[in-house]
Chemist: 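Take this structure, written in structure tokens, and hold onto it; I'll ask about it next.
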Number of protein chains: 2
Amino acid sequence: MRDGLTIGEFAALSRLSVRTLRRYHESGLLEPATVDPFTNYRYYQSAQIGTAQVIHRLRQLDVPLAEVRSILAAEDPHQRADLVAGHLRRLEEELDRTQAAITSLRRLLRPGPTPIKAYLGTLPARTVAAISAPAVRLDESLDWFDTAMDELDAAFPPAERIGAPGGVYANELLTGGRGAMTVFRPVRHPRAEGRIEVLESPAVDLAVAVHVGPHDDIDVTYGLLGAWVASHALGVAGPVHETYAVGPRDTAEPQAWRTEIGWPVFRLTPAP
Amino acid sequence: MRDGLTIGEFAALSRLSVRTLRRYHESGLLEPATVDPFTNYRYYQSAQIGTAQVIHRLRQLDVPLAEVRSILAAEDPHQRADLVAGHLRRLEEELDRTQAAITSLRRLLRPGPTPIKAYLGTLPARTVAAISAPAVRLDESLDWFDTAMDELDAAFPPAERIGAPGGVYANELLTGGRGAMTVFRPVRHPRAEGRIEVLESPAVDLAVAVHVGPHDDIDVTYGLLGAWVASHALGVAGPVHETYAVGPRDTAEPQAWRTEIGWPVFRLTPAP
DNA sequence: TGGAGGCCCTCCCCTCGGGGGAGGGTCAAA
DNA sequence: TTTGACCCTCCCCCGAGGGGAGGGCCTCCA
């Protein structure tokens, strides 16, 4: 009777390729039960099939090998389940991104010219209650924004609020980097409290476009506004302002959302 | 007035990184409108923002750059939509695989021992109507199987049929390669017709396990059967037989499916 | 009219999870 | 004993970027 299953037999039972099994051995992810010291032949035990199948399926879910390792290392089934559940959550987020990409593409690939109603406006100086963070990544921004907005809403009941809330976002965020982010609400009597601070926002000239609907394809509106700005010989002068004229706090129907995007701009002087 | 947008400005508007834009230039996917011949600075036009956004979103959907190229090259919006739709179909298949992986993992990670009821049996010699393909890949097998089964069903009406249909699958399929595949149905009066041939299947000793439910996690049953075979000092002697005792043609409720997996085996003689 | 500091350039190497293939040793059935 | 399938190591390749070094360029402000 043999030492165990050869790598080829084991590959068939675990649906992994022979090469991949060798790689997993090399990286310590799945050690053969025995390795012949003279021939270096790998032999596996049938009890290892389950482990190999777990690896195979986790990899199908794009779990990185390092994480597979920690899932396998977790003795406690609960802890293991938590790790897997964490990855499933990431899969759901990935699905959201996929959905947004499809929505956005549908708009981008719509035949015919894409109209954009943009205009120049001036945001007057005003005093608002705000929460800021110095360095957030774009993908963390949604969570951060919700938390901060909840804090503002808790501190200023509806009677205190005047006008729609908004956010100010550093332009570096658009390039994938970290950047400053502010969420604000105009209120009757702004006051500092906890993370909330009183912000004097100066008057600023803006190029404005209104995005209607959920934010899945807001990048398209940004692009159209950016094109409008560039083609009107304007330069970008600061972080973008979003004003949530109608947002998730006003209606549960995302189709009705209205987001005003305002980009501080200045007129470029023509070159001589 | 400048030549256009610098790479950094363009990156922000298209949500691509500067590095990525340079890569797309290098690979001819998205050429800057002008390149300064002395400094090699890239300048983009605002009209290119839409194209860059399309690329960005397609990449989010994991469309390979080569395919992005052909989508962009398609002038006709319909043709373009077809290419995109093709990829969306692939995304759906990916989603099916993800679903199967989750089902399978749930079973694999279920705490406690995993019972398997396997037994040795003999499939008697018999004559069946069959369709074979010499070299199919596992991921093509589902489509191929459905087509072939439909042909068999069309040629042999219910009154002709005796017993459950099945398939014979080369073991190479399990390792990701191509292999022979046969779908068969026992019928009263087998006859060749079109792709259908009459197959004399010899008697064979099988290790058998029954998989209950949809095939999402059938790999686990295969693994358990394989472990059982290995631990009983048996060797695999030929292509695996699946018999669809209850299948999609019998009930729309996948939970009720019963698939008998039979692996031809022989007794290994103990080493001296 | 300088600088300073932020952009931008190229070039090279790294990542991750494999696949292809060369060149050569081993195992087991005929 | 031969033969053919199987296994070994080693090296290179892929795609789609990211990191960083080293150095030039642009533009704003003093």
Side-chain angles (χ1 to χ4, degrees), chain A residues 1-12 15-30 32 34-44 55-56 58-69 137 170-172 175-178 235-237 266 268-269 271-272, chain B residues 1-12 15-30 32 34-44 55-56 58-69 137 170-172 175-178 235-237 266 268-269 271-272:
Chain A
M1 186 165 170
R2 264 185 315 192
D3 260 5
L5 299 161
T6 67
I7 197 170
E9 295 162 348
F10 190 72
R15 315 242 167 166
L16 292 164
S17 76
V18 168
R19 309 188 73 92
T20 301
L21 282 174
R22 285 203 272 255
R23 176 172 305 273
Y24 291 170
H25 177 200
E26 188 182 7
S27 71
L29 192 59
L30 182 66
T34 54
V35 177
D36 186 306
F38 300 107
T39 68
N40 284 337
Y41 273 34
R42 299 166 175 87
Y43 295 98
Y44 295 82
I55 300 176
H56 176 216
L58 288 173
R59 286 296 305 137
Q60 271 195 336
L61 299 180
D62 280 328
V63 178
L65 287 187
E67 206 162 332
V68 172
R69 211 188 313 271
R137 270 208 322 270
N171 287 320
E172 297 88 54
T175 356
R178 292 177 169 278
V236 169
F266 62 98
L268 294 171
T269 48
Chain B
M1 188 164 171
R2 265 186 314 194
D3 260 4
L5 299 162
T6 67
I7 197 170
E9 295 162 349
F10 190 72
R15 316 244 166 164
L16 291 163
S17 76
V18 168
R19 310 188 72 93
T20 300
L21 282 173
R22 285 202 273 254
R23 177 172 306 273
Y24 291 171
H25 177 200
E26 187 183 6
S27 71
L29 191 60
L30 181 66
T34 55
V35 178
D36 185 308
F38 301 107
T39 69
N40 283 338
Y41 273 33
R42 297 165 176 88
Y43 294 99
Y44 296 82
I55 299 176
H56 177 217
L58 288 173
R59 284 297 304 136
Q60 271 194 336
L61 299 180
D62 281 329
V63 179
L65 288 187
E67 204 162 333
V68 172
R69 211 188 313 272
R137 270 207 325 268
N171 288 319
E172 296 88 57
T175 356
R178 290 176 172 279
V236 170
F266 62 97
L268 293 172
T269 47

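Atom set for the values below is all heavy atoms of this structure, side chains included, hydrogens, waters and symmetry mates excluded. In what follows, every chain begins at residue 1, and chains take the letters A, B, ... in the order their sequences are listed.
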Chemist: Any chance you could measure Arg42(A), atom CZ, to Leu5(A), atom CG, to the nearest 0.5 Å?
Modeler: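 Output value for this atom pair is 15.0 Å.
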Chemist: Between the protein and nucleotides 23-25 of chain C, which nitrogen or oxygen pairs come in under 3.5 angstrom?
Modeler:
from	atom 1	to	atom 2	distance (Å)
dG25(C)	N2	Tyr41(A)	OH	2.7

Chemist: Quickly work out the Glu26(A) CD to dC16(C) P distance and round it to whole Å.
Modeler: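 So the two atoms are 13 Å apart, to the nearest Å.
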Chemist: Let me know the distance between CG of Asn40(A) and C1' of dC27(C), rounded to the nearest Å.
Modeler: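 Answer to the nearest Å: 15 Å.
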Chemist: What's the NE2-C1' distance between His25(B) and dC8(C), to the nearest Å?
Modeler: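 Taking NE2 of His25(B) and C1' of dC8(C), I get 14 Å after rounding.
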Chemist: Measure from CZ on Phe38(A) to P on dC27(C) and round the result to the nearest Å.
Modeler: 11 Å
Chemist: Between Arg69(A) (CZ) and dC16(C) (P), how many Å, whole number?
Modeler: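 Interatomic distance, CZ of Arg69(A) to P of dC16(C): 10 Å.
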Chemist: Could you tell me the separation between the CD1 atom of Ile55(B) and the CG atom of Leu30(B), rounded to the nearest 0.5 Å?
Modeler: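 One finds 4.5 Å between CD1 of Ile55(B) and CG of Leu30(B).
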Chemist: For Ile7(A) and dT9(D), give me the distance from atom CD1 to atom C1', rounded to whole Å.
Modeler: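 Interatomic distance, CD1 of Ile7(A) to C1' of dT9(D): 12 Å.
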Chemist: Ignoring backbone atoms, test whether Arg42(A) places a side-chain nitrogen or oxygen under 4.0 Å from the OP1 or OP2 oxygen of dC6(D).
Modeler: no
Chemist: Could you run down nucleotides 16-21 of chain D 5' to 3' and tag each one B, S or - for protein heavy-atom contact under 4.0 Å?
Modeler: SBBBB-
Chemist: Sequence neighbours excluded, which residues qualify as side-chain contact (heavy atoms from CB on, under 4.5 Å) partners of Asp36(A)?
Modeler: Phe38(A), Thr39(A), Tyr41(A), Tyr43(A)
Chemist: Rounded to the nearest Å, what distance is computed from the CD atom of residue Glu9(A) to the C1' atom of nucleotide dA5(D)?
Modeler: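 Distance check: Glu9(A) CD to dA5(D) C1' gives 12 Å.
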Chemist: Determine whether Leu16(B) and Arg59(B) make a side-chain contact, defined as any pair of heavy atoms from C-beta on separated by less than 4.5 Å.
Modeler: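 Not touching, per the 4.5 Å side-chain cut-off.
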Chemist: State the CG-NE2 distance between Asn40(B) and His25(B), to the nearest 0.5 angstrom.
Modeler: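 These two atoms lie 9.0 Å from each other.
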Chemist: Can you tell me if Arg69(A) uses its side chain to pair, donor with acceptor, with the backbone of Ser27(A) under 3.5 Å?
Modeler: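 Between the backbone of Ser27(A) and the side chain of Arg69(A) there is a qualifying donor-acceptor contact (under 3.5 Å).
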Chemist: Please state how far atom CZ in Phe10(B) lies from atom C1' in dC8(C), giving the value in whole angstrom units.
Modeler: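 So the CZ-C1' distance, Phe10(B) to dC8(C), works out to 16 Å.
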Chemist: Between Glu9(B) and Thr6(B) (side chain of the first, backbone of the second, donor and acceptor by atom type, cut-off under 3.5 Å), is there such a pair?
Modeler: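 Yes.
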Chemist: Would you check if Tyr24(B) and Val68(B) make a side-chain contact, meaning some heavy-atom pair closer than 4.5 Å?
Modeler: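 No; the side chains remain at least 4.5 Å from each other.
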Chemist: Counting just side-chain N and O atoms, does Arg22(A) come under 4.0 Å of either OP1 or OP2 of dC7(D)?
Modeler: no
Chemist: Could you measure the distance from the CD atom of Glu67(A) to the CG atom of Leu61(A)? Nearest 0.5 Å is fine.
Modeler: 11.0 Å
